[in-house]
*Asks:* 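Structure below; questions to follow.
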Amino acid sequence: MKEPLNSTAPGHRLELDRYRGPVGQLSFDDLGLPLENVTFVVVDLETTGGKPELHSITEFGAVKVRGGELVGEFATLVNPGVPIPPFITVLTGITTAMTIEAPDISAVMPAFLEFLGSDPNTVLVAHNARFDVGHLKAAAAGLELPWPRVKILDTVKLARRVFTRDEAPNVKLGTLARICNATTSPTHRALDDARATVDVLHTILGRLGPLGVTHLDDLVTASDPVPAARRRKSNLADGLPHTPGVYRFIGPDHDVMYVGTSVNIYKRVRQYFTAAENRKRIAEMVDLAVSVEATSTATVLEASVLELRLIAELDPPYNRRSRHPERRPWLVLTDEPHPRLKATHSLSASNAPTSLGPFTSLGQAKRAGELIADVASLRTCTKRLPLTPASRSSACHLQAMGKCAAPCVVSGEVDRAALEDTRAILRGESDPLWTTQMERLTALAQQERFEQAAVERDRLTSVIAAQRRKERLLPLLQARQVIAVCKEEQRWEIVVIRYGRLAGSAVAQGEEDPPSVAAGLAASCHDVPQPEFACGAAPVEETEMLLKWLWKPNTRLLECDGPLPLALPRNAAARHDLPKVRSGVELD
């Protein structure tokens, strides 16, 4: 059973010491497949000189090597069924007469694929691989033979990375064979050229080793334009676990520069030292890093939550996402003689059912507030007004526009019906507002006032999106405890959630009984006190992450201890499809 996550609820602090220090001793499995254990099949073809097709190959030559030792060779002429052009005969020495008695491609191609094998760790090597592999794939497709899942390596691209122009004015096979002191000279015959390519490959591998290219994962990206200094840092991933979890890049001052998560920590960190990572800021961070630390987790969900918490706690300079997850405003009705709508970041948990939110930004909250105030004829000024206006008060321009009843200058009772309409929208009732706004949008679209229609669409989207978010979040935010299990392949993932916060996760494997593991997990989890403020036990982003996991088709609830069921109401805002306004076209 996995140790539960530490609490960061009010009054608690994430214990960062837990995430410091080494993650375990280096093992060969952690490093991936070493190059000395990789099988290389080096191939060279001679062709009729035409485009790749079923009968374009005239000769096969292939050499299989592993750990620098010869494993086997494959060589044969092929009858293309057509005369060989004279210029090809001059180049290769292969004549039409030489191929008449040779086997057809239908017999040779299956034999070559068998020689190649189907091991995904086999690497097919060629000098100018695009040419040779293109002809091989065309022949396989013409014979309806499946192409094996092997990696492709081009010695031309690798040579451009390891040889300077002073050493090699060009990357022709003959030139490289001389530089590499190949035991076989290229002759434009398939087997000789394949043997020469083997020697070139071994020389290239010898030069790449000091640059950090020591394993298969390194080699497949070795020709990518990655600075040598960064590639050499790939050993920072050595010893990292092949499990879900969180990794942290540590800077020269021993500070955490970046926090990330992955289903396989080792493989993900290795990608930072290849061309797979092309973000300029992250490349800068990798160049500065002196070490990488990691924390394994029981589940991917726990890893994602831990990443959010660490980013919020440590504020790493190279993380742009989720650095301030607590900034999610709510829309509330003020308690004063003439109420108005106000956006707030601090909402009492008891007021969440009668408020609207949380919004993704203050701008979204303001757009929603403008629409609700417009529909319900609420005032939008921010002054606190008395029930009876002062004698010298003057109204603003909104009264002249007919958008405000001007309680600042006009005496009268508060419009109770307008306030009740507002409260209904804040509670989550969407139908009246939806109907009114859709009529407005339709009229604007028919008048081809598309810019104004887009503004109204955005205001409606802000309200409906917030209602959707609230009707999904609120049951989980109010639940004292939720225990759920999810079947993932051959194991059960188990989580305990309290007031919208992940209290712990575990995995039941083999013959373990998921309810029993869940009971033990719930008993060992840290207590999460009922929060004073809405979303006070965890950031909204964490609760939304848990909701997404709970709504997966293969997730099952074992316990839900709360005032509301984890279900959408019958009149949920989720029923409404958010509208689109197209220029020159009617409203969808």
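Residue numbers start at 1 and run along the sequence shown.
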*Asks:* Counting only heavy atoms not in Lys552, do more than 12 sit closer than 6.0 Å to its NZ atom?
*Replies:*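 Enclosed: over 12 neighbouring heavy atoms sit under 6.0 Å from NZ of Lys552.
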*Asks:* Once rounded to the nearest 0.5 Å, what's the spacing between atom SG of Cys180 and atom CZ of Phe163?
*Replies:* 4.0 Å
*Asks:* Given Asp192 and Thr184, is the side-chain hydrogen bond (donor to acceptor under 3.5 Å, both in side chains) satisfied, shown in steps?
*Replies:* CA-CA 6 Å; Asp192 283 345; Thr184 303; 5.6 Å; no
*Asks:* Locate the shortest heavy-atom distance separating Glu46 from Asp44; write the atom from each residue and the value.
*Replies:* OE2-OD2, 3.3 Å
*Asks:* If you measure from the Lys or Arg side-chain nitrogens to the Asp or Glu carboxylate oxygens, is any gap between Arg309 and Glu541 under 4.0 Å?
*Replies:*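 Salt bridge absent between Arg309 and Glu541.
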*Asks:* Could you walk me through whether Val43 and Phe112 satisfy the side-chain contact (heavy atoms from CB on, under 4.5 Å) test, starting with their C-alpha distance in whole Å, then the side-chain angles of each, then the deciding distance to 0.1 Å, before giving a yes or no?
*Replies:* CA-CA 10 Å; Val43 67; Phe112 172 75; 3.9 Å; yes
*Asks:* Can you check whether Ala107's main-chain N or O pairs, donor with acceptor, with Asp104's side chain at less than 3.5 Å?
*Replies:*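 No; judged by distance alone, with no hydrogens or angles, the pair does not exist.
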*Asks:* Main chain of Gly520, side chain of Ser524: is a donor-acceptor contact present, judged purely on distance under 3.5 Å?
*Replies:* yes
*Asks:* Test your reading of the model: is there a side-chain donor-acceptor pair from Glu59 to the backbone of Leu45, 3.5 Å cut-off?
*Replies:*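 Not confirmed, Glu59 side chain does not pair with Leu45 backbone.
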*Asks:* Provide the closest heavy-atom pair for Leu201 versus Val42 in the form atom of the first, atom of the second, distance.
*Replies:*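 Taking every non-hydrogen atom into account, CD2-CG2, 4.2 Å.
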*Asks:* Is any side-chain heavy atom of His202 less than 4.5 Å from a side-chain heavy atom of Val65?
*Replies:* yes
*Asks:* Could you check whether His135 and Ser56, counting side-chain N and O atoms only, form a donor-acceptor pair closer than 3.5 Å?
*Replies:* yes
*Asks:* Under a 4.0 Å N-O cut-off, is there an ion pair linking Arg469 with Glu544?
*Replies:*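 Glu544 and Arg469: salt-bridged.
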*Asks:* Please answer whether the main-chain N or O of Ile88 pairs with a side-chain N or O of Thr92 as donor and acceptor at a distance below 3.5 Å.
*Replies:* yes
*Asks:* Distance from His254 atom NE2 to Glu293 atom CD, nearest 0.5 Å?
*Replies:* 10.5 Å
*Asks:* What are the two closest non-hydrogen atoms of Leu191 and Ala62, and how far apart are they?
*Replies:*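 Minimum heavy-atom contact is CD1-O, 4.1 Å.
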*Asks:* Got Leu557 and Leu566 here, is their nearest side-chain heavy-atom distance under 4.5 Å?
*Replies:*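 In contact.
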*Asks:* Does Arg556 qualify as a cation-pi partner of Trp492, given the criterion of NZ or CZ under 6.0 Å from the six-membered ring centre and within 45 degrees of its axis?
*Replies:* no
*Asks:* Work out which heavy atom in Ile105 is nearest to a heavy atom in Leu54; give both atom names and the distance.
*Replies:*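 Closest pair (atom of Ile105, atom of Leu54, distance): CG2-O, 3.6 Å.
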*Asks:* Give, for atom CG of Leu314 and atom CG of Asp255, the distance between the pair rounded to the nearest 0.5 Å.
*Replies:* 10.0 Å
*Asks:* With the threshold set at 4.0 Å, does a side-chain nitrogen-carboxylate oxygen contact exist between Arg270 and Asp238?
*Replies:* yes
*Asks:* Does some side-chain heavy atom of Thr39 sit less than 4.5 Å from a side-chain heavy atom of Asn121?
*Replies:*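 Counting from C-beta outward, Asn121 and Thr39 never come under 4.5 Å.
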*Asks:* For Tyr272 and Phe249: C-alpha separation, side-chain torsions, deciding distance, then whether ring-ring contact (aromatic ring centres under 6.0 Å, His included) applies.
*Replies:* CA-CA 11 Å; Tyr272 284 93; Phe249 279 86; 5.0 Å; yes
*Asks:* Taking side chain as C-beta onward, heavy atoms only, is His127 less than 4.5 Å from Leu176?
*Replies:*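 His127 vs Leu176: side chains touch.
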*Asks:* Give a yes or no answer on whether the side chain of Glu69 reaches the backbone of Arg66 with a donor-acceptor pair at less than 3.5 Å.
*Replies:*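 Side chain of Glu69 to backbone of Arg66: no pair is present.
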*Asks:* Does a sphere of radius 6.0 Å around NZ in Lys151 hold more than 12 heavy atoms from other residues, nucleotides or ligands, not counting ones at 6.0 Å or beyond?
*Replies:*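 Check passes, neighbour count above 12.
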*Asks:* Would you check if Pro110 and Leu145 make a side-chain contact, meaning some heavy-atom pair closer than 4.5 Å?
*Replies:* yes
*Asks:* When you look at Ser262 and Lys267, which way does the side-chain contact (heavy atoms from CB on, under 4.5 Å) test go after all the steps?
*Replies:* CA-CA 9 Å; Ser262 176; Lys267 288 188 176 180; over 6 Å; no
*Asks:* Quick one: does NZ or CZ of Lys64 land under 6.0 Å from the six-membered ring centre of Phe115, within 45 degrees of the ring axis?
*Replies:*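 Relative to the ring axis of Phe115, which defines the angle, Lys64 lies inside both limits.
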*Asks:* With side-chain contact (heavy atoms from CB on, under 4.5 Å) as the test, pick out the partner of Ile311 among Val246, Val259, Val256.
*Replies:* Val259
*Asks:* So Leu546 and Val305, side-chain contact (heavy atoms from CB on, under 4.5 Å) or not? Walk me through it.
*Replies:* CA-CA 9 Å; Leu546 299 177; Val305 169; 4.2 Å; yes
*Asks:* To the nearest 0.5 angstrom, please state how far the OG1 atom of Thr89 sits from the CD1 atom of Ile84.
*Replies:*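 Interatomic distance, Thr89 OG1 to Ile84 CD1, rounded to 0.5 Å: 5.5 Å.
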*Asks:* Could you tell me if Thr183 and Asp199 have a donor-acceptor pair between their side chains, going purely by distance under 3.5 Å?
*Replies:* yes
*Asks:* For a quick test of reading the model, state the closest non-hydrogen atom pair linking Leu91 to His188 and the distance between them.
*Replies:* O-CB, 3.5 Å
*Asks:* Which value, rounded to the nearest 0.5 Å, describes the distance between Ser291 atom OG and Asn235 atom CG?
*Replies:*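 Those atoms lie 11.0 Å apart.
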*Asks:* Nearest 0.5 Å, what's the OG1-NZ distance between Thr155 and Lys157?
*Replies:*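 Result: 11.0 Å between the selected atoms.
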*Asks:* Under a 4.5 Å cut-off applied to non-hydrogen side-chain atoms, are Val495 and Trp549 in contact?
*Replies:*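 Val495 reaches Trp549 side chain to side chain.
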*Asks:* Under a 3.5 Å threshold, yes or no: a donor from one side chain and an acceptor from the other, between Thr164 and Asp166?
*Replies:* no
*Asks:* Set out, in order, the CA-CA distance, both residues' side-chain angles and the distance that settles salt bridge (Lys or Arg N to Asp or Glu O under 4.0 Å) for Glu73 and Arg195, then state yes or no.
*Replies:* CA-CA 9 Å; Glu73 292 185 337; Arg195 288 170 174 168; 2.8 Å; yes
*Asks:* In plain terms, say whether Lys487 and Glu493 are close enough for a salt bridge, that is, a side-chain N and a carboxylate O under 4.0 Å apart.
*Replies:* no
*Asks:* Could you walk me through whether Thr95 and Met98 pass side-chain contact (heavy atoms from CB on, under 4.5 Å), step by step?
*Replies:* CA-CA 5 Å; Thr95 65; Met98 293 169 61; 3.1 Å; yes
*Asks:* For a 4.5 angstrom cut-off between non-hydrogen side-chain atoms, does Val78 reach Thr58?
*Replies:* no
*Asks:* Give me the atom names and distance for the closest heavy-atom approach of Ala518 to Ile483.
*Replies:*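 Here Ala518 and Ile483 meet closest at CB-CG2, 3.8 Å.
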*Asks:* Side chains of Thr297 and Glu302: do they bring a donor and an acceptor to under 3.5 Å?
*Replies:*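 No.
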*Asks:* With side-chain contact (heavy atoms from CB on, under 4.5 Å) as the test, pick out the partner of Leu153 among Val41, Leu158, Val38.
*Replies:*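 With Leu153 as partner, Val41, Leu158, Val38 yield a single side-chain contact (heavy atoms from CB on, under 4.5 Å), made by Leu158.
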*Asks:* For Thr295 and Arg248, which I'm curious about, is there any donor-acceptor pair between the side chains at under 3.5 Å?
*Replies:* yes
*Asks:* Check whether any side-chain heavy atom of Ser304 sits under 4.5 Å from a side-chain heavy atom of Met545, and report yes or no.
*Replies:* yes
*Asks:* Taking everything shown except Glu488 itself, do over 12 heavy atoms lie less than 6.0 Å from its CD?
*Replies:* yes
